[in-house]
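Computation of the quantities below employed the complete heavy-atom set of this structure, encompassing side-chain atoms and omitting hydrogens, waters and symmetry-equivalent molecules. Convention: sequence-line order gives letters A, B, ...; per-chain numbering from 1.
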Amino acid sequence: MYSTTTGTHPGIELRHSPVGGETPRSEVPEQIQSAVFEIEQFGVSYAGTPAIADISLRIPAGEITALIGPSGCGKSTLLRSLNRMNDLIAVATHTGTIRYRGLDLHAADVDPAEVRRRIGMVFQKPNPFAQSIYDNVAFGPRLHGRSKGLDDVVERALRRAALWDEVKDKLREPGHAISGGQQQRLCIARAIAMEPDVILMDEPCSALDPIATLKIEDLMRQLREDYSIVIVTHNMQQAARVSDRTAFLTVDMEAADGQRCGRLVEFERTEKLFTQASDERTEAYITGRFG
Amino acid sequence: MTSAPPGRASALQATGAGRYADPLFKWAAITAGVSVLAVLGLMIGSTTADAWPVFQYQGFVDFFVNDEWRAGFSRTDFTGEYGAFSFIFGTLVVALIAIVLALPLALAVSLYITRLAPRRMKGPLAYTVELLAAVPSVVYGLWGLLYFVPTFLRPVMELLSAALAPVPLLGTFFAGPVYSTNYLAAGTVLAIMILPIITAISREVIAQVPPEQVQAAYGLGATDWEVMRKIILRRSFPGVVGATMLGLGRALGETIAVAMLIGGSQRWGLSLFFGGDAMAAHIANTFQDAAPETVQALIAIGVGLFIITVIVNVLARLLVWRIGRVAGDAAL
């Protein structure tokens, strides 16, 4: 029911409004005001074989950005480059630059550990440590020298991850003794406890059942208030449901050098990408004709 | 509708040689399993039977706590004095030195091989460490005696003794004079000998740590060192204790190399530079010239060594169990 007295255009009610979303999709600005990541001409090769190449995009602050695309398009590689987790693969090399809040992530004086402290990550498979729920959440703060007020930090992080009510009576139980969906929220709480600026999520729901998936999606919309989120997903409905903007990557089969390599096709507001994609490859993918 | 083919009572009966293979294999396996128990039982039984009169003559407890060992020469009687404390002390001290020196080194080597070494270095490095295990212990003994100890270790020992002997209390453990054969010399060479087994097993255990957990720790901004300390070593702890126990077992039982390097004085002392003797080493050094009563006493030392090894293993298991319970870790 809309009220005509507020002067709202009647048509607004018909627009898609995400469940529990704090910012209606229609208010996602056309232009990106402030970018958390500025990616320029970025490419990654594994032992000389390019995995992604020539990727340029600006990821906005305070929004949820989804990376979608068929298997092997390099969306995980791109995501893992954003907090330099890809450095852990010995044979990986990169070209181009990624600036995080204006700072070159690959500058010589940048400490990857410091990068990852600010840019948290949630992985595909829930991976709690073989320690208690409490110790899992306290791991990061302890790592960085915090020893006082941990109880508060743990409670706040668990509340923020919508897990507190389910685990408050069993904080000393092992982190792997709860359900898969709870474990993934525990991993999100563990990332939040670091008070990061950005949270990267690498297919966070792919190992979860549909109900647990919906809970994580609700949680992501809540977290959007405080964090910039970048999510890789295989599930296009999920991208449509949660993200503000979507980048579509694909494997370039007809590259000039004949090598299969992931490239960025299109980066748009999610609503626009899913309703009026400007590239026919995007449309083919999201309508299910390949991938 | 089915009818038995000629020569068989039922269509479902087994045919061919295969029908004998299963029972045959089963019995072969049972025999093999039982024979291990039988050999162990026979060994314990016969040595204990030989050692029993010695324990009766000397007193069971006295055998372990008395440090007076005087070999007798009787063919029929017991005339000597058989208190094995000096050898027990030597065995434990030398094994302890070996573990204290070898464990950190083995952990560092395993971590380097599994986590830090360049890919093409991993294989050759692991192989080289394991090759150390293929060197016969008599060669270690000779090499230690003629080269390693006089060239490298003795100057270090002299330095340590000069620097620390005057310190009150601590000085007791570093009191001179320093010769080439003593507890520390034997323990150090022993450390090199048990390095491969501890390294090999630690390496396996460390490689078993789930990569997802390692990733998670890196994702929270942990450095290499923090990942190793807080995730990898923590998770591998029970396995590393197991590896240490195997190393300790070898250190307690090692004979020839220790016999060549420990000093051989039949006494004991608190200084690391004391030239003492160890249980297995003493057996090897003296049994050839021993009179029958002393041979029996030497067998009693063997029984004592077995008892000590069992006690050490039980303690280690308790340690793993206790710490595993505290950590609340199901990964034991």
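One finds the CZ atom of A:F139 at 7.5 Å from the CD atom of B:E226 (value rounded to the nearest 0.5 Å). Note: B:Y218 OH to A:R116 CZ = 7.5 Å, rounded to the nearest 0.5 Å. Interatomic distance, NE2 of A:H176 versus CD of B:Q213, reported as 8.0 Å (0.5 Å rounding).
The two residues A:M194 and B:L220 come nearest to each other via the heavy atoms CE-O, 3.2 Å. Closest approach of A:N127 and B:A216 over heavy atoms only: ND2-CB, 3.3 Å. When all heavy atoms of A:A113 and B:T223 are compared, the pair lying nearest together is CB-CG2, 4.1 Å.
Around the CD atom of A:E155, the shell of radius 6.0 Å holds more than 12 heavy atoms that belong to other residues, nucleotides or ligands. Under a cut-off of 6.0 angstrom, the local environment of CZ in A:R118 is sparse, with at most 12 non-hydrogen atoms contributed by other residues, nucleotides or ligands. For CZ of B:R317, the number of neighbouring non-hydrogen atoms (other residues, nucleotides, ligands) closer than 6.0 Å is 12 at most. A 6.0 Å sphere centred on NZ of B:K122 holds more than 12 heavy atoms belonging to other residues, nucleotides or ligands.
A:R80 touches chain B through its side chain: at least one heavy atom from C-beta onward sits under 4.5 Å away, while N, CA, C and O do not. The contact between A:L88 and chain B is made entirely by side chain atoms (from C-beta outward), counting heavy-atom distances below 4.5 Å. Heavy atoms closer than 4.5 Å to chain B are found nowhere in A:P112, neither backbone nor side chain.
The shortest side-chain heavy-atom distance between B:E212 and A:F123 does not fall under the 4.5 Å cut-off. The closest side-chain heavy-atom distance from B:Q215 to A:M121 is not below 4.5 Å.
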